[in-house]
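Written below as structure tokens is the structure these notes are about.
Along the sequence shown, the residues carry numbers beginning at 1.
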Amino acid sequence: FPVTIMIPAKIDWHILAKTLDYYQNWGYTRIEVPWIVPTEIKNITYAGKRFNEPAPGYSLVGSAEQSFLYLDSIGKITNGKYVACTPCFRMLDNDSTHDQYFMKVELYVIHDNITSHDLNTMLKQAKDYFNSNIGESVVDIVPTNVGYDIDLNGIEIGSYGIGDHNGRKWVYGTAIAEPRFSYAKSLTK
């Protein structure tokens, strides 16, 4: 397919670093994760979308969730709470609030007894964090067909849910995505 190379909007690197610190203070372990994963791992969360493939059988990540899944599949992480910052490649996304690539801090919780309590805890932490960066309580939690989104000024700034693959469950969520958060925040009056 034809590729249009987009110049991304300005990324606030300071907020990405601040977000990593915030979640580490909540007990998440920061780890470095791969930015390329086997396509079969990518397909767990992006089934059927054929893009982001730098080499046959491998894909650029659409989210660090895919990186965490890969590390779990090869035994490189154990049960716990993790946070990582990666680029996210979404080459088919391109509209006024979705970029083809951006930076994102992703949350990942995995243990043997994942429940909605784990998801609700992550949602509360994320909502509190977003509101603290805006100076007022203006974000909304919106149910979706796969979990929840957090919206700011009508723009989705985070997605959260419980993943399940081959009996292994995890909780995933957006800690922050740039430049989308900065754009949505700029609309706050």
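In this structure, the separation between CH2 on W170 and CG on D72 is 8.5 Å, given to the nearest 0.5 Å. Distance CD1/I134 to CD1/I157: 5.5 Å, rounded to 0.5 Å. To the nearest 0.5 Å, the span separating CE on M103 from CD1 on I15 amounts to 14.0 Å. If you take OH on Y108 and OG on S63, they are separated by 10.5 Å, rounding to the nearest 0.5 Å. Between the CD atom in E65 and the NZ atom in K104 there is a gap of 7.5 Å [rounded to 0.5 Å]. Taking CG of L187 as the start and CD1 of I155 as the end, the distance is 5.0 Å to the nearest 0.5 Å.
Every residue meeting the side-chain hydrogen bond (donor to acceptor under 3.5 Å, both in side chains) condition with S182, not counting sequence neighbours, appears here in chain and number order: E178. Applying the salt bridge (Lys or Arg N to Asp or Glu O under 4.0 Å) test to D21 and every residue at least two apart in sequence or in another chain returns nothing. Among residues two or more places apart in sequence or in another chain, the side-chain hydrogen bond (donor to acceptor under 3.5 Å, both in side chains) test is passed with Y28 by Q125. For K76, there are no salt bridge (Lys or Arg N to Asp or Glu O under 4.0 Å) partners, not counting sequence neighbours. With sequence neighbours left out, the salt bridge (Lys or Arg N to Asp or Glu O under 4.0 Å) criterion links R30 to E32.
The side-chain heavy atoms of T86 and E106, taken from C-beta on, include no pair separated by under 4.5 Å. In this structure, the side chains of E136 and N131 stay at 4.5 Å or more apart for every pair of heavy atoms. At a threshold of 4.5 Å between non-hydrogen side-chain atoms, the residues D118 and T115 count as touching. At least one side-chain heavy atom of R168 sits less than 4.5 Å from a side-chain heavy atom of I110. Residues S73 and I41 form a side-chain contact, since some pair of their non-hydrogen atoms from C-beta on lies under 4.5 Å apart. Two residues are said to be in side-chain contact when any heavy atoms from C-beta on lie closer than 4.5 Å; H111 and K81 fail this criterion. K185 has its side chain within reach of L152: a pair of non-hydrogen atoms, C-beta onward, lies under 4.5 Å apart. Contact annotation: the side chain of V105 approaches that of V83 to within less than 4.5 Å [non-hydrogen atoms, C-beta and beyond].
Taking all atoms of both residues into account, the shortest heavy-atom contact from A175 to T19 is CB-CG2, 3.5 Å. Counting all heavy atoms, side chain and backbone alike, G161 lies closest to L119 at N-CD1, 3.6 Å. Here the closest heavy-atom approach between residue P87 and residue V61 is recorded as O-CG2, 3.5 Å. Taking each heavy atom of F68 and A84 in turn, the nearest pair found is CZ-CB, 3.6 Å. Taking both residues in full, the closest heavy atoms of V33 and A64 are given as CG2-CB, 4.4 Å, listed atom of the first, atom of the second, then distance. Among all heavy-atom pairs drawn from D149 and S159, the shortest one is OD1-OG, 2.9 Å.
Judged by distance alone, the side chain of S67 and the main-chain N or O of W35 form no donor-acceptor pair under 3.5 Å.
Under a hydrophobic-cluster definition in which Ile, Leu, Val, Met, Phe, Trp and Tyr are linked whenever side-chain heavy atoms come within less than 4.5 Å, directly or via other members, V142 and V139 are assigned to different clusters.
Applying the ring pair (Phe, Tyr, Trp, His ring centres under 6.0 Å) rule to pairs touching residues 116-140 yields Y22-Y129, Y23-Y129, F130-F181, sequence neighbours excluded.
Annotation for Y160: atom OH counts as buried by contact number, over 12 foreign heavy atoms lying within 6.0 Å.
With I77 as reference, I31 is the one residue of L69, I31, T29 to meet the side chain to side chain contact (heavy atoms under 4.5 Å, CB included) rule.
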